[in-house]
Structure formats: C-alpha cells, structure tokens
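Please read the structure below before turning to the comments.
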Amino acid sequence: MTVSDKTAVVTGGGSVRGIGRATAHALAAVGWNVAVLDLDEASAKDAAHEVGERAGVRTAGIACDVTDETSVEGALSVLADALPPVGALVNNAGITSPVPFLEVGGAEWDRVFAVNVRGAYNVTRRLVPGMVERGFGRVVFLSSVSAERGGGVFGGVAYSAAKAAQLGFARALAREVGPHGVTVNSVAPGLVDTDITAGKLSGEREEQLLAGVPVGRKGRVQDVADLITYLCREQTSYVTGATYDVNGGSHIH
Ligand code: NAD
C-alpha cells in the first residue's frame with residue numbers, strides 16, 4: 001500500500017497562514033494527493049495549486065461550506081471525479097469566538113458549533129463509509145488546548161465546548177471504526193501563529209500567554225502539520241482514539 005494512490009482531504013485548508021494549508025503541504029510532501037476544501041473558493045484553489053506545484057502530487061481546490069450538507073455533497077462529488085479515493089480526512093475547518101459566557105447568545109453558540117462540530121460531522125459522515133469499505137482510513141480532528149484546560153487562550157466557553165465535543169466525537173468514532181482499519185485521533189494545539197483571531201489578540205495578552213509557554217514561543221503551523229502527517233501515516237496504525245498535545249508545554253497533564 002502507498003499513499004500516492006490515495007487522497008487526503010483538508011477542510012479549511014485555504015487560509016494562507018493557516019494550519020490547514022501547512023498540513024496540505026506536509027501531507028503532499030510525503031506523497032498524498034490533496035484536496036483542499038474551503039469556504040473561500042479562491043483560497044482553496046490557490047492552496048491546491050501551490051501544493052501541486054511544490055510537491056508534484058495531484059490536487060484539487062474546491063469551494064465548500066462544511067456547515068451546509070448540500071455544499072459538502074457537491075464538493076465531495078467533484079472530488080470523487082477528480083482524485084483517487086480518500087484515505088485521510090483532516091477536520092481542520094474551524095472558527096473561534098472570544099465572547100464571554102455571560103454575554104454569549106444562542107446564535108453565536110450555534111455558529112461556533114455549526115463549523116467545529118456539525119461541520120466535522122457533515123464531512124466525516126460522508127467520507128468514513130468509503131474508508132471502512134476499503135479497509136483503510138485516517139481521520140484527524142483539530143481540537144484545541146482550550147478543550148482540555150477550559151479556554152483561557154483566546155476562545156471562550158462556546159469554543160472550548162465545541163472543541164471538547166470533537167474529542168468525544170473522535171474517541172467514540174475510533175472505537176466504532178477501529179476494526180475496519182480506520183484510525184481517528186485529535187490534535188490539541190496551543191497558541192499557534194495564524195489569522196484565526198483576526199488580529200484581536202492584543203500584544204499585552206499575547207505576552208501573558210507566552211509567559212506560560214515553557215518553550216517560550218508561539219506554535220508554528222509546521223509544528224501542528226508535522227504531527228498530523230505522522231498520525232496519517234499508514235504505519236501509524238496502532239494509535240487511535242488519542243489526543244496529542246502540541247502546545248509548547250503550556251498545558252501539561
Ligand atoms: P484559520 O482561520 O487560519 O483557518 C481556518 C480556515 O477554515 C479558513 O481558511 C476558513 O476559510 C475555513 N473555514 C471557516 N469556516 C468554514 C466553513 N464553514 N466551511 C469551510 N471552511 C471554513 O485558522 P487556523 O488557526 O489555521 O485554525 C485551523 C484549526 O485549528 C481550527 O479548527 C482551529 O480551531 C484549530 N486551532 C487553532 C489554534 C490557533 O492558535 N491558531 C489553536 C488550536 C486549535
């Protein structure tokens with residue numbers, strides 16, 4: 001078996017400085033064909049083009065709103081016609097929200113869950129059956145240290161709850177599909193230098209956060225991408241239902 005006859009799907013992989021795009025590059029560098037799905041079609045296509053050029057693998061960039069089942073179905077049917085069968089799924093599309101619990105409303109709560117939890121369901125539910133049928137699959141969720149330590153980075157209660165929901169999702173799914181050669185794991189990054197906070201993390205707050213990171217720096221997207229790539233390896237078949245911290249020691253438990 002080899003990954004060159006398989007495709008890895010990265011949701012939310014368009015963002016130029018994001019974890020998803022770095023992961024798409026890292027997976028392609030070890031031979032995966034890569035499909036980038038993103039709300040922002042131009043960025044999805046740009047990422048796919050960049051990854052294909054650099055690694056020489058087959059790629060596709062497809063517009064997809066993970067919260068919308070029709071959009072997901074449309075994107076996956078384009079993908080099925082364009083690239084080899086899906087062997088890995090990285091549930092990376094996510095949004096954060098700093099709104100304190102005492103101020104949050106139902107609409108904001110639902111918005112955060114729609115992308116992080118329902119969005120991951122919409123894509124995973126449609127891709128895992130094929131993995132089970134083929135007897136091979138790797139699913140990785142982008143959870144967060146916020147799920148483990150109770151927020152306190154940037155995201156508030158809604159974000160922490162949604163990221164914790166992903167951990168339960170991954171663990172139960174790991175148990176269900178383990179017998180079929182499909183592993184399901186989560187990574188829990190600490191503060192990573194991307195645009196997810198849309199510049200709303202102030203200098204002083206960032207300094208405070210960095211003071212609590214033993215390795216003394218923010219995470220780089222490559223730190224997370226390397227870990228995801230490891231979890232997607234065909235040889236990494238005995239690791240499932242696990243949560244991997246990648247947080248510079250900011251939360252040790
Ligand atoms: P980012 O904002 O750079 O990228 C997120 C991507 O998801 C964007 O390209 C965006 O267009 C896409 N997206 C948003 N809503 C979508 C939807 N409905 N359908 C499809 N795509 C959608 O963020 P990032 O920092 O690279 O984060 C990636 C993942 O890692 C997220 O799940 C995030 O919660 C998680 N994470 C990030 C950090 C961090 O510090 N950056 C820490 C822990 C966890």
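Just so you know, ligand 1 is whichever comes first in the structure, and atom 1 is the first atom listed for that ligand. Along the sequence shown, residues carry numbers from 1.
Asp245 has no carboxylate O lying under 4.0 Å from a charged side-chain N of Arg149, or vice versa, which leaves the two without a salt bridge. Using a 4.0 Å cut-off between charged nitrogen and carboxylate oxygen, Asp223 and Arg217 count as a salt-bridge pair. For the pair Asp193 and Arg17, the salt-bridge criterion is met [side-chain N within less than 4.0 Å of a carboxylate O]. A salt bridge does not link Glu69 to Arg125: none of the charged side-chain nitrogens sits closer than 4.0 Å to a carboxylate oxygen.
When the shell of 6.0 Å around CD of Glu204 is examined, it contains 12 or fewer heavy atoms from other residues, nucleotides or ligands. Within 6.0 Å of atom CD in Glu133, 12 or fewer heavy atoms from other residues, nucleotides or ligands are found, so the atom counts as exposed in its surroundings.
The shortest contact between atom 4 (O) of ligand 1 and any protein heavy atom is with Ser15 CB, 3.5 Å. In terms of protein heavy-atom proximity, atom 28 (C) of ligand 1 is closest to Asn92 OD1, 3.0 Å. Protein heavy atom closest to atom 16 (C) of ligand 1, with residue, atom name and distance, is Leu39 CD2, 3.8 Å. When hydrogens are left out, the protein atom nearest atom 14 (C) of ligand 1 is Ile95 CG2, 4.0 Å; that is the closest non-hydrogen contact. Scanning the protein heavy atoms around atom 23 (O) of ligand 1, the nearest turns out to be Ile196 CB, 3.5 Å. Nearest to atom 19 (N) of ligand 1 among the protein's heavy atoms is Val66 N, 3.0 Å. Of all protein heavy atoms, the one closest to atom 5 (C) of ligand 1 is Gly94 O, 3.9 Å. For atom 26 (O) of ligand 1, the nearest protein heavy atom (residue, atom name, distance) is Ile19 N, 2.8 Å.
Under a 4.0 Å heavy-atom criterion, Thr11 is not in contact with ligand 1. In this structure, Asp38 is part of the shell of residues with a heavy atom less than 4.0 angstrom from ligand 1. Using 4.0 Å as the threshold, Gly119 has no heavy atom nearer than that to any atom of ligand 1. Contact annotation: Gly190 has at least one heavy atom less than 4.0 Å from an atom of ligand 1.
Judged by distance alone, the side chain of Asp38 and the main-chain N or O of Glu41 form no donor-acceptor pair under 3.5 Å. Looking at Arg138, its side chain does come within 3.5 Å of a backbone N or O of Glu234 through a donor-acceptor pair. In this structure, Asp65 contributes its side chain and Leu39 its backbone to no donor-acceptor pair below 3.5 Å.
Of all atoms in ligand 1, numbered sequentially from 1 with element shown, those under 4.0 Å from a heavy atom of Gly18 are 3 (O), 26 (O). Those atoms of ligand 1 with a heavy atom of Val192 less than 4.0 angstrom away are 39 (C), 40 (O), 41 (N). Close contacts of ligand 1 with Asp65, meaning ligand atoms under 4.0 Å from a residue heavy atom, involve 17 (C), 18 (N), 19 (N). Less than 4.0 angstrom separates some heavy atom of Tyr159 from each of these atoms of ligand 1: 33 (C), 34 (O), 35 (C), 36 (N), 43 (C), 44 (C). Each of the following atoms of ligand 1 lies closer than 4.0 Å to a heavy atom of Leu191: 40 (O).
A side-chain N or O of His25 and one of Glu50 form a donor-acceptor pair less than 3.5 Å apart. Inspection of the Thr243 and Asn185 side chains reveals no N or O donor paired with an N or O acceptor under 3.5 Å.
Counting heavy atoms closer than 4.0 Å to ligand 1, residue Ser143 contributes backbone atoms (N, CA, C, O) but none from C-beta onward. Contact annotation for Ser146 and ligand 1: no heavy atom of the residue comes within less than 4.0 Å of the ligand. Neither the backbone nor the side chain of Arg17 comes within contact range of ligand 1; no heavy atom lies under 4.0 Å.
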Donor-acceptor pairs under 3.5 Å, side chain of residues 161-169 to any protein atom, not counting sequence neighbours: which ones?
{"from": "Lys163", "atom 1": "NZ", "to": "Asn116", "atom 2": "OD1", "distance (Å)": "3.0"}
{"from": "Lys163", "atom 1": "NZ", "to": "Leu142", "atom 2": "O", "distance (Å)": "2.7"}
{"from": "Lys163", "atom 1": "NZ", "to": "Gln166", "atom 2": "OE1", "distance (Å)": "3.4"}
{"from": "Gln166", "atom 1": "NE2", "to": "Asn116", "atom 2": "O", "distance (Å)": "2.7"}

Handout entry: Stepwise salt bridge (Lys or Arg N to Asp or Glu O under 4.0 Å) test for Glu176 and Arg171
Key = CA-CA 9 Å; Glu176 184 172 329; Arg171 289 170 181 155; over 6 Å; no
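Taking all heavy atoms of Ala93, Cys64, Ala114, Ala22 into account, the minimum distance to atom 13 (N) of ligand 1 is reached by Ala93.
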